[in-house]
Amino acid sequence: MTDPLTAALADGIALSHDIDYLRMRDELSEEEIALLLKVREFGEGEVLPVVNDYWERGEFPFELIARMRELDIVGDTMRGYGTTPMSAVGQGLISYEMARVDGSLATFLGVHVGLAMQSIYLLGSEEQRERWLPAMAAIEQIGAFALTEPEHGSDSVALEATARRDGDSWVLNGRKRWPGNATWCDLIIVFARDVDDGQVKAFVVEKDDPGFSASKIEGKVALRIVQNADIVLEDVRVEDDRRLVGCTSFADVAKVLMGTRNMVAWSSTGHAVAAYEIALAYAQRRIQFGKPIAKSQLVQAKLVEMLGEVTAMQLYCIRLGRLIDDGKLSDTMAALAKYFCSVKARDVCRMARDILGGNGITLDFHVIRHLCDMEALVTYEGTAEIQSLIVGRDITGQSAFT
Ligand SMILES: Cc1cc2nc3c(=O)[nH]c(=O)nc-3n(C[C@H](O)[C@H](O)[C@H](O)COP(=O)(O)OP(=O)(O)OC[C@H]3O[C@@H](n4cnc5c(N)ncnc54)[C@H](O)[C@@H]3O)c2cc1C
């Protein structure tokens, strides 16, 4: 940044506040607070200083993987297989704190842990869990998750990739679009339709399997650090022991998505908190018409509206986590939380961007990065419209999907 006054405005702006207006922290256990602080220290100390540069270049900071390994933060609701035991709130706090500094690393973990590992944990046999999860828990092997196709996003239930049984193995064909981590991961969970019974099944494809190729989607202006891929499967042959035995229809895929929609609610909240904190600090520092813009009623109204939304999101998330720990979360509850938190977080980021004026669109102040990243969160794991249709069907008893 060339202008010294603007540099002074930006200095430390992303670390100036710790917003917890309704004392969410009082609801957390000591272990959960320790986890939050550990991830916060890593995020603020090691990710924030380098994130804009990686975001701008669209490259992944591979050197941070070793640090994430040391943090011992791979657990989610899984138990055993080298995972770290934690509550669902604890896992949510990891997503929240990571997204508060960088949505791409939060997404990297969400794909690796919430989608890839949880697919194996929820849908794999004991032997399959033992085979893949320990190395993934140690972040030595990285996973990805391939459900979406070029022609089937919201209606992935109609996916067209095929799986044909041939002796002791399966032959996979088709195309996938968007899987995160997929250009460099070690293994990828691929969903394909069994040509014999027409049901969706899950397969563990490894990066070097002949016939598998993944090319990076270029020109992306959200979550630029995450490497999303266009994938081609051309007669990819996998042994039957790489078919996840617990996935016998599309309904089984939904079991995995329920958990990750909860994670998107948490990370959306992290983005919103960051944007709010930065906007508040900026409003207090930025002088116009001889006074801080925070003294303007219009700016205060925006800040209060943002605080209200952020606080509601925080409460949603805590409740979600406790429902998971009590075994009471339903897919429609997760859909409502994903819908509410992602849409509201994008609104909050947009208001923050307004408060920052021109500086709202420079990476130095981080807000535009959070706003762009939120565009992806509103879409992935099912768009806001699809969550709305899921909840609408639940509350009215009428399906409006078609
Ligand atoms: C950054 C990013 C990362 C992703 N990561 C992964 C991943 O790791 N693995 C993976 O498998 N997928 C991934 N996805 C794919 C993601 O889940 C899909 O993009 C999402 O489900 C929407 O599908 P689509 O993009 O094809 O949009 P479409 O389905 O084409 O939807 C376009 C628009 O139409 C609306 N729409 C569709 N149907 C209806 C309807 N019946 N009624 C009303 N509105 C409707 C949608 O809400 C949307 O607004 C990722 C996507 C992004 C952007």
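Counting convention: from 1, in listed order, for ligands and their atoms alike.
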Which residue supplies the protein heavy atom nearest to [atom], what is that atom called, and how far is it?
| atom | answer |
| --- | --- |
| atom 26 (O) of ligand 1 | Gly153 CA, 3.2 Å |
| atom 45 (C) of ligand 1 | Ile386 CD1, 4.5 Å |
| atom 19 (O) of ligand 1 | Thr379 CG2, 3.6 Å |
| atom 12 (N) of ligand 1 | Thr148 OG1, 2.7 Å |
| atom 44 (N) of ligand 1 | Glu385 CB, 4.0 Å |
| atom 42 (N) of ligand 1 | Leu389 CD1, 3.5 Å |
| atom 3 (C) of ligand 1 | Asn228 ND2, 3.2 Å |

Selected option - heavy-atom contact closest to atom 51 (C) of ligand 1, from Phe145, Phe191, Trp178: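 The residue whose heavy atom sits nearest atom 51 (C) of ligand 1 is Trp178.
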
Proximal candidate to atom 22 (C) of ligand 1 [heavy atom criterion; set Leu257, Leu377, Thr383]: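 Of the listed residues, Thr383 has the closest heavy atom.
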
Heteroatom distance test ([X], ligand 1): nitrogen or oxygen, under 3.5 angstrom:
| X | value |
| --- | --- |
| His152 | no |
| Ala146 | no |
| Leu147 | yes |
| Ser154 | yes |
| Arg177 | no |

If you count the non-hydrogen atoms of other residues, nucleotides and ligands that lie under 6.0 Å from CD in Glu234, is the total more than 12?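 Count not over threshold, so no.
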
How about CD on Gln300, more than 12 heavy atoms from neighbouring residues, nucleotides or ligands closer than 6.0 Å, or not?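 Counting neighbours around CD of Gln300, more than 12 heavy atoms of other residues, nucleotides or ligands fall under 6.0 Å, so yes.
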
Aromatic Tyr121 / basic Arg129 pairing, under 6.0 angstrom, 45° off normal: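 Geometry flag: set, cation within 6.0 Å and 45°.
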
Using heavy atoms and a threshold below 4.0 Å, how should the contact between Glu381 and ligand 1 be classified: side chain, backbone, both, or neither?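 The answer is the backbone of Glu381.
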
Contact partition for Asp155 relative to ligand 1, non-hydrogen atoms under 4.0 Å: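 The answer is neither; Asp155 stays 4.0 Å or more away.
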
Answer yes or no: is there an ion pair linking Asp53 with Arg57, defined by an N-O contact shorter than 4.0 Å?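 A salt bridge links Asp53 with Arg57.
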
With a 4.5 Å heavy-atom cut-off, do Val101 and Glu44 have their side chains touching?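 Val101 vs Glu44: side chains touch.
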
Close side-chain approach of Leu187 to Met136, heavy-atom, < 4.5 Å: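 Side chain of Leu187 against side chain of Met136, heavy atoms only: contact under 4.5 Å found.
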
Establish, yes or no, whether a centroid distance under 6.0 Å links the rings of Phe250 and Phe191.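 Phe250 vs Phe191: aromatic centres not under 6.0 Å.
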
Proximity of Tyr81 and Trp132 rings by center, below 6.0 Å: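 So the answer is no for these two rings.
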
Quick check on contacts: which atoms of ligand 1 are under 4.0 angstrom from a heavy atom of [X]?
| X | answer |
| --- | --- |
| Gly180 | 7 (C), 8 (O) |
| Ala376 | 1 (C) |
| Phe401 | 41 (N) |

Distance-only polar pair, side chains of Ser249 and Gln199, donor-acceptor under 3.5 Å: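 Gln199 and Ser249 do not have a side-chain donor-acceptor pair below 3.5 Å.
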
Just say parallel, tilted or perpendicular for the rings of His112 and Phe108, cut-offs at 30° and 60°.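 It falls in the parallel class, under 30°.
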
Would you say atom 30 (O) of ligand 1 touches the protein, meaning some protein heavy atom is under 4.0 Å from it?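 No; the ligand atom in question lacks any protein heavy-atom contact below 4.0 Å.
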
Checking side chain to side chain donor-acceptor pair (under 3.5 Å) between Arg346 and each of His271, His370, Glu375, which is the one that passes?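 Result for side chain to side chain donor-acceptor pair (under 3.5 Å) with Arg346: Glu375.
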
